[in-house]
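Please read the structure below before turning to the comments.
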Amino acid sequence: QVQLVESGGGLVQAGGSLRLSCAASGRAFSRSGVGWFRQAPGKEREFVAAITWSGSNTRYAASVKGRFPISRDNAKNTVYLQMNSLKPEDTAVYYCAAGYAKFGDETGEYDYWGQGTQVTVSS
């Protein structure tokens with residue numbers, strides 16, 4: 001079992017930055033890939049970024065590549081999403097998800113989900 005708690009969301013002006021954290025508990029986390037997803041009102045949940053359990057590989061949605069680096073610190077059981085150059089279209093609830101040896105961009109691949117954190121970018 002893995003429990004996930006996101007934090008770091010908030011209201012920011014366009015061009016600003018936020019850092020989201022995904023804190024995990026559970027022994028399986030260190031062997032779990034982690035993905036970040038987001039869901040805007042009226043839209044489906046979409047992939048943002050993912051990182052392997054070792055942190056050696058990452059992948060990104062085209063819309064955030066170069067702006068939202070993902071990283072993890074397994075000693076702290078935490079995955080981070082640094083969000084730079086934020087745009088109003090980045091406004092959404094952001095979720096982290098974990099799955100043993102997962103690294104994909106599909107929601108169905110992940111077994112555990114956090115409750116989400118709201119990010120609002122004003123123009």
Side-chain angles (χ1 to χ4, degrees):
Q1 282 280 19
V2 176
Q3 293 79 43
L4 304 172
V5 178
E6 303 96 334
S7 62
L11 174 64
V12 64
Q13 289 188 331
S17 298
L18 286 173
R19 188 176 79 160
L20 304 185
S21 298
C22 174
S25 60
R27 294 175 61 185
F29 182 73
S30 63
R31 294 294 180 178
S32 295
V34 173
W36 282 98
F37 293 78
R38 66 187 181 186
Q39 189 166 19
K43 295 188 177 181
E44 292 189 353
R45 193 168 297 189
E46 65 175 6
F47 171 75
V48 176
I51 189 166
T52 54
W53 68 268
S54 67
S56 60
N57 289 292
T58 57
R59 68 195 308 171
Y60 297 93
S63 59
V64 306
K65 192 171 185 179
R67 298 191 298 130
F68 290 9
I70 187 172
S71 61
R72 69 189 293 163
D73 183 341
N74 283 343
K76 296 182 178 179
N77 275 7
T78 302
V79 172
Y80 304 98
L81 186 70
Q82 178 66 43
M83 306 169 67
N84 301 317
S85 302
L86 282 159
K87 305 174 182 180
E89 51 263 44
D90 294 318
T91 295
V93 177
Y94 283 71
Y95 299 89
C96 65
Y100 180 76
K102 301 301 183 183
F103 184 50
D105 58 4
E106 298 289 339
T107 57
E109 298 184 50
Y110 295 88
D111 302 307
Y112 307 101
W113 290 82
Q115 83 289 348
T117 185
Q118 176 71 47
V119 172
T120 303
V121 185
S122 63
S123 57

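For this chain, numbers begin at 1 and follow the sequence in order. No hydrogens, no waters, no symmetry mates; every other heavy atom, side chains included, goes into these values.
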**Item:** Sub-4.5 Å side-chain heavy-atom contact between Ser17 and Gln82
**Value:** yes
**Asked** Taking atom OG1 of Thr52 and atom CZ of Arg31, what is their separation to the nearest 0.5 Å?
**Response** 11.0 Å
**Heavy-atom pair with the smallest gap, counting every atom of Gly9 and Thr117** = N-OG1, 3.2 Å
**Request:** Following the transitive rule for hydrophobic clusters with a side-chain heavy-atom cut-off under 4.5 Å over Ile, Leu, Val, Met, Phe, Trp and Tyr, establish whether Val34 and Val64 coincide in one cluster.
**Result:** yes
**Request:** Over all heavy atoms of both residues, which pair between Asn84 and Pro69 is shortest? Give the atoms and the distance, please.
**Result:** ND2-CD, 4.1 Å
**ILVMFWY network linking Trp113 to Tyr94, side-chain heavy atoms under 4.5 angstrom** = no
**Item:** Side chain proximity check, Glu106 to Phe47, heavy atoms < 4.5 angstrom
**Value:** no
**Asked** Picking from Leu20, Leu18, Ile51, what satisfies side chain to side chain contact (heavy atoms under 4.5 Å, CB included) with Leu81?
**Response** Leu20
**Request:** Side-chain contact test, heavy atoms from C-beta onward, threshold under 4.5 Å: evaluate it for Val119 versus Thr91 and give yes or no.
**Result:** no
**Closest non-hydrogen atom pair, Val2 against Ala98** = CG1-CB, 4.4 Å
**Asked** Does Ser21 use its side chain to pair, donor to acceptor, with the backbone of Ala23 at less than 3.5 Å?
**Response** no
**Request:** Would you give the length of the straight line joining atom CZ of Phe103 to atom OG of Ser32, rounded to the nearest 0.5 angstrom?
**Result:** 14.0 Å
**Asked** Do Phe37 and Met83 share a hydrophobic cluster, counting only Ile, Leu, Val, Met, Phe, Trp and Tyr and linking them when any side-chain heavy atoms are less than 4.5 Å apart?
**Response** no
**Asked** Can you list the steps and then say if Asp73 with Thr78 is a side-chain hydrogen bond (donor to acceptor under 3.5 Å, both in side chains)?
**Response** CA-CA 5 Å; Asp73 183 341; Thr78 302; over 6 Å; no
**Prompt:** Has the side chain of Tyr110 got a donor or acceptor atom that lies under 3.5 Å from a matching backbone atom of Gly104?
**Reply:** yes
**Request:** Identify the heavy atoms of Ala14 and Pro88 that sit nearest to each other, and give their distance.
**Result:** CB-CD, 4.1 Å
**Prompt:** Is there side-chain contact between Arg45 and Tyr95, with heavy atoms separated by less than 4.5 Å?
**Reply:** yes
**Message:** Can you confirm whether Phe68 sits close enough to Leu86 that some side-chain heavy atom of one is under 4.5 Å from a side-chain heavy atom of the other?
**Reply:** yes
**Asked** Does Arg72 make a cation-pi contact with Tyr80, if we ask for NZ or CZ under 6.0 Å from the ring centre and within 45° of the axis?
**Response** no
**Request:** Quick one: pull up OG in Ser123 and NZ in Lys87 and give me the separation to the nearest 0.5 Å.
**Result:** 14.0 Å
**Message:** Under a 4.0 Å threshold between the charged nitrogen and the carboxylate oxygen, would Asp90 count as salt-bridged to Arg38?
**Reply:** yes
**Request:** Could you tell me whether the side chain of Gln1 reaches within less than 4.5 Å of the side chain of Gln3, counting heavy atoms only?
**Result:** yes
**Request:** Rounded to the nearest 0.5 Å, what's the gap from NZ on Lys102 to CH2 on Trp53? Could you check?
**Result:** 16.0 Å
**Message:** To the closest 0.5 Å, what do you measure between CG (Asn77) and SG (Cys22)?
**Reply:** 10.0 Å
**Side-chain heavy atoms of Trp36 within contact of Cys96, under 4.5 Å** = yes
**Request:** Report yes if the side chains of Gln115 and Glu6 come closer than 4.5 Å at any heavy-atom pair, otherwise no.
**Result:** yes
